[in-house]
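Everything below concerns the one structure shown next.
Scope of the values below: all heavy atoms of this structure, side chains included, with no hydrogens, waters or symmetry mates.
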Amino acid sequence: MASLKKQALVLTIANAYTRALGFVLRLVTARLMGAQALGVMELASSAVMLAITPVTAGVPTAMSRLAARKGAEPRAVLQAGLSLVKRLTAWLIPGMLLISPAIAWLLGDLQTLPSILTSLPLIGLLGTCAVYSGWFYGRNDASTPALSECAEQTVRCVLAILLLMFFRRSSVSVTAALPNLAEVAAGVVVLRMFRSKSPRLKHIAPDASIRQEILRLTAPTTAARLCQTALRALNAVLLPTCLRRSGLSALAATAQFGLLNGMAMPLLMLPGIITGAICMVATPAVARREGHDLHLRRTMRQLLLSAAGVGVIASAGLFFGAEFIGSFLYKEAALAPLLRLMAPASLLMAVQQVQFGLITGLGLQNKALTGTVIASFLTLIVTALLCPIPGIRLYGAGIATLAGTLLRILWNAAVLRSSRRSRHVLSSPAGSCS
């Protein structure tokens, strides 16, 4: 447990640094870009995430689980993960390049096209970094991914602000694409850092069986994330449409979308500074404790209580500080009431994030997938019903987010409870006899 706490502390410090820089970046970019350009960037991001998801969703946790397993050959696991990402990237980048104009048209704003195109290199970069990151976590090395994450955020923050200041008079479409260029440069820096710390793989041939196992472990998480990302992309089309139906102009609707996804949501996910660290160390920790029921339950309980405590503090801070954040930090008075409404989501997201780490560590992603799909559809349906109403509008999206996240937590809790009961039965004398 001491090692677990040490790794969590290292990651928490790194996450605190990266999230603090991320907050500064969001604050500065919101002022330099404006709500409309921010909305265009978020629209494009929702579509590009569909291509990034197959090479990142579940990859770090799968790599961590395999690298932590007894008897695993570290270099073979790393090579298999890199081989899998290369194969996927070889299909995803050309495919996205081909259909990018159609995606911009479906999003209802051709200004998103430059943002989509500048995001394409991120598919390979983020996928490869996800492999390295998970591999280092599985080898009980939390400092290398933590340091790399800090470097990535530093480069990204500095370059993005410089680009936005230098091209301050650019069009909305160009302005929205500039942060992506900074992120690509940061990804290159991180990849070089990972390679300098990892073993040489020149004479290691990819192991097809390990590659298949990685694919098997990531498939449920990828399917769940793809569903979420696809619904997020659909929501990126649906929400501005609903807002226009409520009486807003197209420009005002895009600005409202930027207010929700570019300002409110990053604030609600601030507990991820700590819970993201807990989630990453939870997966290998739970995997190592399988078969030791008492230690496993104690570890799971401690991790979930820690997440809940962090979430309560963050929710209270956002609720009572909403006026200051909206009026003084972002200079957007409309942000304060939205934050007060959605503040409980910060607690829900914190708990759900750690639940995901536990479920992955136990290999229960298949059982959690159904809940993720249902919750995503619930979010979409509530958005479609409430957002066109003139008196509700963007608050409907906030209510939809709360409802979907709460359903995911309840479903995940049922999955974990069911698993705990089945393990208890199997470990009991009666269960052994049967």
Would the distance check show the side chain of Thr128 and the main-chain N or O of Leu125 forming a donor-acceptor pair, the cut-off being under 3.5 Å?
no
For the side chain of Thr401 and the backbone of Ala397, is there at least one donor-acceptor N/O pair under 3.5 Å apart?
yes
Should Thr372 and Trp411 be marked as a side chain to side chain contact (heavy atoms under 4.5 Å, CB included) after you check the CA-CA gap, both sets of side-chain angles, and the distance that decides it?
CA-CA 8 Å; Thr372 299; Trp411 188 283; over 6 Å; no
Is there a donor-acceptor pair under 3.5 Å between the side chain of Ser418 and the backbone N or O of Val415?
no
Give, for atom CG of Leu268 and atom CG of Leu260, the distance between the pair rounded to the nearest 0.5 Å.
8.5 Å
Measuring from Thr405:OG1 to Leu410:CG, what's the distance to the nearest 0.5 Å?
11.0 Å
Minimum heavy-atom separation for Phe257 to Glu42, with atom names?
CE2-CB, 3.6 Å
Begin from the C-alpha positions of Gln153 and Arg156 and carry the test side chain to side chain contact (heavy atoms under 4.5 Å, CB included) through to its verdict.
CA-CA 5 Å; Gln153 189 73 312; Arg156 179 186 172 207; 3.3 Å; yes
Between Thr56 and Ile52, is there a donor-acceptor pair closer than 3.5 Å when you use the side chain of the first and the backbone of the second?
yes
What's the spacing between Met300 CE and Leu305 CG if we round to 0.5 Å?
11.5 Å
Check whether any side-chain heavy atom of Ser143 lies under 4.5 Å from a side-chain heavy atom of Phe136, and answer yes or no.
no
Do Thr144 and Phe194 have side chains that get closer than 4.5 Å, going by heavy atoms?
yes
If we ignore angles and hydrogens, is there a donor and acceptor under 3.5 Å between the side chains of Gln36 and Thr254?
no
Side chain of Ser327, backbone of Phe324: donor and acceptor closer than 3.5 Å?
no
Spell out, as yes or no, whether a donor-acceptor pair under 3.5 Å connects the side chain of Thr218 to the backbone of Leu215.
yes
Check whether any side-chain heavy atom of Arg408 sits under 4.5 Å from a side-chain heavy atom of Gln355, and report yes or no.
no
When you measure from the side chain of Ser315 to the backbone of Ala343, do you find a donor-acceptor pair of N or O atoms at a distance under 3.5 Å?
yes
Smallest heavy-atom separation, Pro266 atom then Asn261 atom, equals CD-O, 3.4 Å
Contact check, side chains of Leu267 and Tyr330, non-hydrogen atoms, under 4.5 Å:
yes
Side chains of Leu113 and Ser100: does their closest heavy-atom pair fall under 4.5 Å?
yes
Heavy-atom pair of closest approach, residues Leu38 and Gly258:
CD2-O, 3.9 Å
In the structure I gave you, are the side-chain heavy atoms of Glu323 and Phe328 within less than 4.5 Å of one another anywhere?
no
Taking every non-hydrogen atom, the tightest pair across Ala384 and Leu238:
CB-CD2, 4.0 Å
Quick one: CG on Leu120 to OG on Ser115, what's the gap to the nearest 0.5 Å?
11.0 Å
Thr118 vs Val184, side chain to side chain contact (heavy atoms under 4.5 Å, CB included): CA-CA, chis, key distance, verdict
CA-CA 8 Å; Thr118 52; Val184 169; over 6 Å; no
Short question: side chain of Ser246, backbone of Leu243 - any donor-acceptor pair under 3.5 Å?
yes
Does some side-chain heavy atom of Leu126 sit less than 4.5 Å from a side-chain heavy atom of Val55?
no
Test side chain to side chain contact (heavy atoms under 4.5 Å, CB included) on Leu338 and Leu394 and set out the steps.
CA-CA 8 Å; Leu338 183 64; Leu394 197 60; 3.8 Å; yes
So, Arg139 side chain and Ala67 main chain: donor-acceptor pair closer than 3.5 Å or not?
yes
What distance do Ile389 atom CD1 and Tyr395 atom OH have between them, rounded to the nearest 0.5 Å?
14.0 Å
From the list Thr61, Leu66, Thr222, side-chain contact (heavy atoms from CB on, under 4.5 Å) with Leu217 holds only for Leu66
Mind checking whether Leu362 and Leu416 have side chains closer than 4.5 Å, heavy atoms only?
yes
All heavy atoms of Ile214 vs all of Val77, minimum pair found to be CD1-O, 4.1 Å
Tell me yes or no: between the side chains of Thr154 and Tyr17, is some donor less than 3.5 Å from an acceptor?
yes
Is there a donor-acceptor contact under 3.5 Å from the side chain of Thr275 to the main chain of Pro271?
yes
Could you pull out the closest heavy-atom pair between Ala104 and Ile116, with the gap in Å?
N-CD1, 4.1 Å
Nearest-0.5 Å distance that lies between atom OG in Ser45 and atom CD in Glu183
8.0 Å
